Amino acid sequence: SVGTFYSKEGKRWVDDNFSLYDRIVFKGKELTNSEIADSNYLFLGSWYLQNLNSFYVKPIDYNYFKSLKNKIASRLYEILGVKFYGVRNKKQDFICYKYSTLCQLLPITRKKYISMAKQQLNPSNNELKDTGFISKYDWGENSRKEWLIYYWPGERAKEEMKRAKIRIVDLQTEGYLPGPKRGLEYFSQEQKDLIDKLVEINVSRITAEGLIINYDQQLIEKWIEAIHYARAE
DNA sequence: ATTAGCCCTCAATAATGGTG
DNA sequence: CACCATTATTGAGGGCTAAT
């Protein structure tokens, strides 16, 4: 896997061989030398974990994602969300997919006739349009007789990108660049303890400090608690 | 090329059984 | 007896195919 994974913290592409998970331990198996796993554990790969910690993720509106009835629609939402990112501030304010490409990306089989392809995808397209994620979509054909689908971002998509941009700016200015005030004495003892806890669960120190500044302490404590559960699933 | 009906798959819910 | 886990049932959605 060369050139497929970008490290946010390292600011470079990763060419190493790596896997998403470092280690998987199933329930009842030996966890460490003496401990037996009380449920299934998943250890995220270090690169993956680092990027999560750096918030190098595409923010998705999980509630919206869940609300989508059609699974094709929800997958489209993920894909288009990323693509719309690339489209902002460009002259061309829409994106275009070959149907054949979409077939590889979506949980669908390639149809022989355009009518079938349309009734395959349009219910999902309409759902996204009705909920405002796209403003409209259109079918077309290129010179090689390949079917194309055009998507225009809707209000919901634009809102999402706006929100994401603000969050990124917030984190970069307030959470990342170590400001002049960013000494250890800046934190209370309680906060230091909390940071240590975060570091224990593999959050990088700089991110942990950023979290402490930007979020309520109790919220973070709950969050740590939740992670201990989430790990097991 | 398009439409409609049948069949298969998957997932959500209900029912059953096993355990503290 | 209550609670959790496993199994059975049902329903919706999508693919395949035959008829138009």
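The basis for the numbers below is simple: all heavy atoms, side chains too, and nothing from hydrogens, waters or symmetry mates. Being a predicted model, the structure only gives us computed values, none of them experimental. Every chain is numbered from 1, with letters handed out A, B, ... down the list of sequences.
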Taking all non-hydrogen atoms of both residues, which atom of K98(A) and which atom of L148(A) are closest, and how far apart? CG-CD2, 3.6 Å
At what angle, to 10 degrees, do the two end axes of the helix from dA1(B)-dT20(C) to dG20(B)-dC1(C) meet, given five pairs define each axis? 0°
What integer distance in Å separates Y113(A):OH from dG14(C):P? 21 Å
Which atoms form the tightest heavy-atom contact between D61(A) and E160(A), and what is the distance? CB-OE2, 3.6 Å
Identify the two heavy atoms, one from K111(A) and one from Y99(A), that lie closest to each other, and give their separation to 0.1 Å. N-OH, 2.9 Å
Whether the side chain of Q120(A) engages the backbone of T109(A) through a donor-acceptor N/O pair (distance < 3.5 Å, no angle test) should be reported. yes
Is the closest side-chain heavy-atom distance between N125(A) and K118(A) below 4.5 Å? no
Over how many whole Å does the gap from E127(A) atom CD to dG13(C) atom P extend? 10 Å
Atom pair distance, as rounded to whole Å: CD1 in I108(A) and C1' in dG13(C): 14 Å
One pair to check against side chain to side chain contact (heavy atoms under 4.5 Å, CB included): L76(A) and L68(A). What are the steps and the verdict? CA-CA 10 Å; L76(A) 263 176; L68(A) 291 169; over 6 Å; no
In whole Å, I'd like the distance from the CD1 atom of I72(A) to the P atom of dT9(B). 18 Å
Rounded to the nearest angstrom, tell me the gap between atom CG in L106(A) and atom P in dG13(C). 18 Å
Beyond-backbone contact of N70(A) with L128(A), side-chain heavy atoms, under 4.5 angstrom: no
Using OP1 and OP2 only, check whether a side-chain N or O of N70(A) sits under 4.0 Å from dA12(C). no
Please write out the pairs of protein N or O atoms and N or O atoms of nucleotides 16-20 of chain C separated by less than 3.5 Å, giving the distance to one decimal.
none

Ionic contact status for E78(A) with R75(A), cut-off 4.0 Å: yes
In whole Å, what is the span from the NZ atom of K69(A) to the C1' atom of dA11(B)? 15 Å
Only one of Y151(A), W152(A), Y77(A) clears ring-ring contact (aromatic ring centres under 6.0 Å, His included) with F133(A); which? Y77(A)
Nearest-neighbour nucleotide for the Q120(A) side chain, dG15(C), dC10(B), dT3(B) considered: dG15(C)
